[in-house]
Amino acid sequence: MRLFVLFAALLALSACGSGQVWGWYVIDPRTAQGWTNVRFLISGMGATILLSVLAAAISMSVGLIVALPGLSDRRGWRLVNRVYVEFIRSIPLLPMLFWVFYGLPIIFRSFGLNIPIDAFWGAVITLAISDSAFTAEIYRAGIQSIARGQSEAAQTIGLNYWQTMRYVILPQALRRILPPLANQFIYIVKMSAFASVIGMQELTRRANELVVTEYRPLEIYSLLIVEYLVLVLIISFFVRWLERRMGSDERAA
Amino acid sequence: MTEPAIEMIGVDKFFGDFQVLKGIDLTVQRGEKVVICGPSGSGKSTVVRCINRLESHQAGTIRLNGETVTDSGAIRSDVGMVFQQFNLFPHLTVLENLTLGPIKALGLSRKEAEIRARKYLERVRIPEQADKKPSHLSGGQQQRVAIARSLCMEPQLMLFDEPTSALDPEMISEVLDVMTELALDGMTMVVVTHEMGFARKVADQMVFMDAGEIVESGTPAAFFDAPKSERCRLFLSQILKH
């Protein structure tokens, strides 16, 4: 439906003016040049997906590791959690990307380590770390929302901390935090566009490059937006399916 | 000569500045059934929670089978606990609720654990509910599953923290019946409850608490018919009125 509206809007645009405002030919798959352009634009899709999935996977793992000390009874552990979350989430993505890509290798070199950070891994690391502060807060809220009696009951049947988390708390918490986690994933997909500024060949970078040769920013960036829209809609459908599968039928705890 | 199952000597417990338990002395022999009653906020639940280390105490000694319990020690899986709110795991089936502890904490195989689980479900008289989720059971059934879940760990001692207080009146007796049966089988039990009929029937020792202290304790006969303290008399007259 949303797709259709956008499509209609584009059609309306194409009708206005003398064809100078909107030129279908740039991205018309029926013409040889248009098809080449479209293929070029879409060819960044794989990189965007791989980048987002990797960053999200790392972010969700790191986020959980950061969230757990935040739930401790000990003040020192909670402080570790607070410092990480407050520090990381106050750094804007773009400066962090520059820091990781241009700055981190210098630190590595000063330790005698020759670890080159290419655009792809620079982007993965930045997106993952930046996002992990938010996933950590989501986990913390989700775990705290599980009644204390659940972990007490688990302890009285002899489960240790990790077993209690693994078999009792996290399965219940995950079901509740799936929607906000999905939000974060969508956020990562969109923020992955920043990777274009350090030269990573993903969707936005491809669009930028094509604009330079074709001089048709309106058509090309419009198609770019549609590409992200399709990606995000696919994710949304997948998450809905996952929510149903994970049993949203058990409402009461 | 056997050690008492529970020995509490001069136990103090604070929540911040507030002293919830003041010098609690309580001895529970093996096989003995102790019922603790008292007004809300008197610390009776806290006593039970200190016994199995859900709460720490700040002074005094707690011994289980002669062994002093410490804060660093793990929560004891040989002490069963039944909660007011059941605390069943809602994402697991009844059978999975029962087998989780035996498999993960005792190292039983799934098959052994299931045999054990079905035995205790039989005992609490709901073998047919094994594959349901807790939310599909009535409150009384859920509490009986919770009792069975504790029994699956084959504890030496069972603690009950107001097990019938969250139940609709018509479901109370089915839970009390199961508990009475358990008592007759010789289980050592500490029960926090206001069910005085149950107390009269199964208790060996009655304990009355108020404001963090044990005000009075004794046999049910002495306790119900001739309470020594004024506070206890008042409490009994209030809860036995209806």
Would one find more than 12 heavy atoms of other residues, nucleotides or ligands at under 6.0 Å from atom [atom1] of [X]?
{"X": "B/Glu67", "atom1": "CD", "result": "no"}
{"X": "A/Arg82", "atom1": "CZ", "result": "yes"}
{"X": "A/Phe87", "atom1": "CZ", "result": "no"}

Nearest 0.5 Å please: distance from the [atom1] atom of [X] over to the [atom2] atom of [Y].
{"X": "B/Glu96", "Y": "A/Tyr167", "atom1": "CD", "atom2": "OH", "answer": "12.5 Å"}
{"X": "A/Thr156", "Y": "B/Met158", "atom1": "OG1", "atom2": "CE", "answer": "10.0 Å"}
{"X": "B/Asn52", "Y": "A/Glu152", "atom1": "CG", "atom2": "CD", "answer": "8.5 Å"}
{"X": "B/Asn87", "Y": "A/Ile157", "atom1": "CG", "atom2": "CD1", "answer": "11.0 Å"}

TODO: Answer with side chain, backbone, both or neither: which region of B/Phe89 has an atom nearer than 4.5 Å to a non-hydrogen atom of chain A?
DONE: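 Contact with chain A: backbone and side chain both.
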- [ ] Can you tell which part of B/Arg149 gets under 4.5 Å to a heavy atom of chain A, answering side chain, backbone, both or neither?
- [x]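 Both backbone and side chain.
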Open item on the list: So which atom in B/Leu54 and which in A/Gln155 form the shortest heavy-atom distance, rounded to 0.1 Å?
Closed with: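 The answer is CD2-OE1, 3.8 Å.
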Task: Nearest heavy-atom neighbours spanning A/Gly158 and B/Ala105 - done: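 Taking every non-hydrogen atom into account, O-CB, 3.3 Å.
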Task: Whether A/Gln163 side chain and B/Lys104 backbone form a donor-acceptor pair below 3.5 Å - done: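 Between the backbone of B/Lys104 and the side chain of A/Gln163 there is a qualifying donor-acceptor contact (under 3.5 Å).
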